[in-house]
Asks: 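Quick one: the structure is below, and I'll ask about it shortly.
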Amino acid sequence: MFGIADCNNFYVSCERVFNPSLEKKPVVVLSNNDGCIVARSNEAKRLGISMGTPLFKVREIVQQHAIAVYSSNYALYADMSQRVMSVLAQRIPAMEIYSIDEAFLDLRGFPKDRLERHIRETREIVLQWTGIPISIGVASTKTLAKIANRAAKKKEDYKGVCILDSEVIREDCLKHTGVEDIWGIGPRLTRFLKARGIFTAWQLVNMNDSWIKKNLTVTGLRTVYELRGVPAIPLKEKTPDKQEICTSRSFGRPVDNLQELKESIATYAARSAEKLRQQHSLANTILVFIRTDPFKDDVYQNFSILPLPVPTACTEEITEYALDELERIYKPGYRYKKAGVILGNIIPNTGVQQNLFDTRPREKNQKRMQVVDFINLKMGSDTLRFASQGIKKSWKMKRENITPAYTTNWDEILTVRI
DNA sequence: TCTGGGGTCCTAGGACCC
DNA sequence: TCTGGGGTCCTAGGACCC
């Protein structure tokens, strides 16, 4: 059996741990730059606020019902996530961390009579030790476990745990699951299926394989197998190295000059290089992109890809190239809204093909980066940084209503008065 | 006024090879 | 009038996930 543990309204739950007065009240958390709503408490969901709505479109409802609105606090959420995952890891033999708030659990070989009790206890312990409520779905495949998880969240009487362990329950669940709620079926396939009269998961699993493969490709066929109870998506215990690393942000205000764009690109290049070194890899290509506000007239967007002469993870070198590429695509007279750097063609940093005409002091650079990373790990990120990243960064993203980094910054630790 | 960020996987089609 | 067959590799674009 597979399980999936999913934190309920995760970002909202994190905020509530440190501010219990938010319990039972409508709360939402915003995306970066305070743009869209990306997490909602059950109370906010009931008020009809849907996932991904831009805040400005629901301002009235927010005011009318005094919904608490928070900027994203990723330092806090990432740390809380780690706590939840480490508690799960203590109780479950193997797992795959699937996202910031979800983990697939390997429950193979668990005696059936002890399974439910163990899962329920695990849920209690996570709540008690971290303050985060979770729901757990269990079934014979990942996709079915996802469906069980939805049921665990929706139906009160499941009390947060749903185990889908008989044919009768499976059939009943599939009949009550719309195709749009299947893991792996997105908006486009939903439209396609509904146009052909297929509305439920149960209808989908009864279609024949060749039709599914032809119209939904092999990924769709895998999903259908999983819904039938045949595992087709394995558990990935070890997170594979990233093949592509992207750092991009929208600006807090429009940026109309090259100097500030350069600061942002240097900042994103440095962050990307840091992620690259963390997984002991090197990049072969750098992509830089800039764009104006796509919701306004007179849009300009462009990108430039540079293949590197020698694969690298050196911040200085990556920044240098990235800034060159920026100059090639920058057009004056526009108000830019977003920029980013993507490193691609990533390879492990062992056994690198050298270049005969390379003049860079590679070993020296590598040692310097090691020192920079070490200091930043010990003294806090960005303790040492390149001057090209700018000092003021007045273009940086908007986060007008952010809570302190309670658990990761000594200066922002929670104060309790008794 | 205000609209996120970071990924993976698959396929079709073009370029190229013998 | 007639113009092969069988491949690989790469890229862009589209789909999906949270």
Side-chain angles (χ1 to χ4, degrees), chain A residues 4-7 9-11 28-40 50-60 62-63 69-74 77-78 81 96-104 142-143 146 149-150 179-193 213-223 226 232-233 236 239-254 264 268 271-272 275-276 279 284-285 287 289 291-296 299 303 305 307 335 337-346 396-401:
Chain A
I4 175 116
D6 187 321
C7 303
N9 317 330
F10 182 52
Y11 300 166
V28 298
V29 176
L30 302 176
S31 63
N32 274 339
N33 226 23
D34 291 350
C36 299
I37 290 169
V38 295
R40 305 154 295 155
S50 50
M51 182 69 176
T53 321
L55 177 63
F56 75 90
K57 287 191 179 173
V58 289
R59 272 262 150 76
E60 248 174 55
V62 167
Q63 286 200 339
V69 177
Y70 289 95
S71 303
S72 290
N73 182 348
Y74 280 99
Y77 309 151
S81 170
E96 169 191 342
I97 297 176
Y98 179 64
S99 75
I100 194 164
D101 72 329
E102 279 172 81
F104 284 105
K142 283 176 154 183
T143 308
K146 277 274 198 179
N149 189 276
R150 259 187 91 248
V179 285
E180 69 277 11
D181 293 322
I182 301 170
W183 183 52
I185 305 291
R188 215 214 63 126
L189 290 180
T190 297
R191 228 181 314 130
F192 176 87
L193 291 170
K213 177 145 189 217
K214 193 170 146 241
N215 294 288
L216 281 67
T217 81
V218 294
T219 40
L221 189 57
R222 280 203 274 262
T223 298
E226 289 246 318
I233 306 173
K236 283 190 250 127
T239 41
D241 285 345
K242 301 214 185 313
Q243 304 170 30
E244 211 167 58
I245 288 174
C246 171
T247 308
S248 76
R249 295 281 182 282
S250 297
F251 300 127
R253 57 157 171 83
S264 72
Y268 307 149
R271 180 71 192 116
S272 290
K275 294 182 194 169
L276 193 58
Q279 65 165 37
N284 273 294
T285 57
L287 183 151
F289 72 86
R291 69 158 208 226
T292 58
D293 190 337
F295 296 97
K296 291 205 171 111
V299 173
F303 69 92
I305 307 182
R335 289 154 64 83
K337 195 69 218 292
K338 185 173 178 176
V341 172
I342 305 175
L343 303 178
N345 274 313
I346 291 173
K396 70 174 185 273
M397 68 181 178
K398 207 160 69 178
R399 288 153 109 196
E400 279 172 354
N401 197 8

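Every chain is numbered from 1 and lettered A, B, ... according to where its sequence line falls, protein lines coming before strand lines. Computed from a prediction, not measured in an experiment: that's the story for all the values here.
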Asks: A:Y11 OH to B:dG5 P: how many Å, rounded?
Replies: 13 Å
Asks: Mind calculating the distance between CD1 (A:I233) and P (B:dC10) to the nearest angstrom?
Replies: 10 Å
Asks: In dot-bracket notation, what is the pairing pattern of DNA chain C, taking Watson-Crick (N1-N3 plus N6-O4 or O6-N4) and G-U wobble (N1-O2 and O6-N3) contacts under 3.5 Å, with [ ] crossing and | for other strands?
Replies: ....||||||||||||||
Asks: Who pairs with A:S272 by side chain to side chain donor-acceptor pair (under 3.5 Å), at least two apart in sequence or on another chain?
Replies: A:T247
Asks: Using the C1' atom as the reference point in each nucleotide, state the distance between C:dC17 and B:dG4 in Å, no decimals.
Replies: 15 Å
Asks: How would you label the contact of A:D34 with the nucleic acid (heavy atoms, under 4.0 Å): base, sugar-phosphate, or nothing?
Replies: nothing
Asks: Using modelled atom types and a 3.5 Å cut-off, is there a donor and acceptor pairing between side-chain atoms of A:N149 and backbone atoms of A:A5?
Replies: no
Asks: Show, in sequence, the C-alpha distance, side-chain angles and deciding distance for A:V62 and A:L55, and conclude whether the side-chain contact (heavy atoms from CB on, under 4.5 Å) test is met.
Replies: CA-CA 9 Å; A:V62 167; A:L55 177 63; 4.2 Å; yes
Asks: Name the closest nucleotide to the A:Q243 side chain, picking from B:dT3, B:dT8, B:dG4.
Replies: B:dT8
Asks: Can you tell which of B:dT3, B:dG5, C:dA15 lies closest to the side chain of A:F56?
Replies: B:dT3
Asks: Let's see if you can work this out: which of B:dT8, C:dA15, B:dC10 has an atom nearest to the side-chain heavy atoms of A:L189?
Replies: C:dA15
Asks: Taking A:T223's backbone N and O only, do any of them form a donor-acceptor pair with A:T143's side chain (distance below 3.5 Å, no angle check)?
Replies: no
Asks: With the side chain of A:S250 defined as its heavy atoms from C-beta on, choose the nearest nucleotide among B:dG4, C:dC16, C:dC18.
Replies: B:dG4
Asks: Round to the nearest Å and state the distance from A:K396 atom NZ to B:dG4 atom P.
Replies: 20 Å
Asks: On DNA chain B, check which nucleotide each of A:C36 and A:V218 is closest to and give me the residue with the more 5' one.
Replies: A:C36
Asks: Quick check on B:dT3: is either OP1 or OP2 less than 4.0 Å from any side-chain nitrogen or oxygen of A:K337?
Replies: yes
Asks: Are the ring of A:F295 and the six-membered base ring of B:dT3 within the stacking cut-offs of under 5.5 Å and under 30°?
Replies: yes
Asks: Rounded to the nearest Å, what distance is computed from the CZ atom of residue A:R291 to the C1' atom of nucleotide B:dG4?
Replies: 10 Å
Asks: The side chain of A:K146 is closest to which nucleotide in this list: B:dG4, C:dC18, B:dT8?
Replies: C:dC18
Asks: Base, sugar-phosphate, or nothing for A:I245, non-hydrogen atoms under 4.0 angstrom?
Replies: sugar-phosphate
Asks: Under 4.0 Å between any heavy atoms, over every strand shown, what does A:I185 touch: base, sugar-phosphate, or nothing? Just pick one.
Replies: sugar-phosphate
Asks: Could you state the interatomic distance from CZ (A:F289) to CD1 (A:I342), rounded to the nearest 0.5 Å?
Replies: 5.5 Å
Asks: Please report, rounded to the nearest Å, how far the P atom of C:dC17 is from the CG atom of A:N149.
Replies: 15 Å
Asks: Counting distance only, does the side-chain N/O of A:S71 pair as donor-acceptor with the main-chain N or O of A:E400 below 3.5 Å?
Replies: yes
Asks: Give the rounded distance in Å between these two atoms: CZ of A:R222 and P of B:dT8.
Replies: 16 Å
Asks: For B:dG6, does OP1 or OP2 lie under 4.0 Å from any side-chain N or O of A:R249?
Replies: yes
Asks: Whether A:R59 contacts B:dT1 is assessed here as follows: a side-chain N or O lying under 4.0 Å from the phosphate OP1 or OP2. Is that the case?
Replies: no
Asks: Closest to the A:K338 side chain: B:dC2, B:dG6, B:dG5?
Replies: B:dG5
Asks: Among C:dC17, B:dC2, B:dG4, which nucleotide sits nearest the side chain of A:K296?
Replies: B:dC2
Asks: When the ring planes of A:Y98 and A:F104 are compared, do they come out parallel, tilted or perpendicular, using 30° and 60° as the limits?
Replies: perpendicular
Asks: Just compare B:dG7, B:dC9, B:dG4 and give me whichever is closest to any side-chain atom of A:Y74.
Replies: B:dG4
Asks: Among side-chain atoms of A:N32 and A:S72, is any donor-acceptor pair under 3.5 angstrom?
Replies: no
Asks: Select base, sugar-phosphate, or nothing to describe what A:K57 touches, counting heavy atoms under 4.0 Å on all strands.
Replies: nothing
Asks: What's the closest nucleotide to the A:K275 side chain, out of B:dG4, B:dG6, C:dC17?
Replies: B:dG6
Asks: State which of B:dT8, B:dG4, C:dC18 makes the closest approach to the side chain of A:Y98.
Replies: C:dC18
Asks: Base, sugar-phosphate alone, or nothing: which one does A:P294 contact when heavy atoms must sit under 4.0 Å apart?
Replies: nothing
Asks: Using a cut-off of strictly less than 4.0 Å, decide whether A:T247 has a side-chain nitrogen or oxygen near OP1 or OP2 of B:dG5.
Replies: no
Asks: Is there a donor-acceptor pair under 3.5 Å between the side chain of A:N345 and the backbone N or O of A:N284?
Replies: no
Asks: Hey, could you give me the CD/NZ distance between A:E226 and A:K146, rounded to the nearest 0.5 Å?
Replies: 12.0 Å
Asks: If you pin A:D241 and A:R335 to their nearest nucleotides in DNA chain B, which one's is more 5'?
Replies: A:R335
Asks: Roughly how many Å is it from NZ in A:K236 to P in B:dT8, rounded to a whole number?
Replies: 9 Å
Asks: Specify the separation, in whole Å, of atom CD of A:Q279 and atom P of B:dT8.
Replies: 9 Å
Asks: So A:I97, base contact, sugar-phosphate only, or nothing? Heavy-atom distance under 4.0 Å.
Replies: nothing
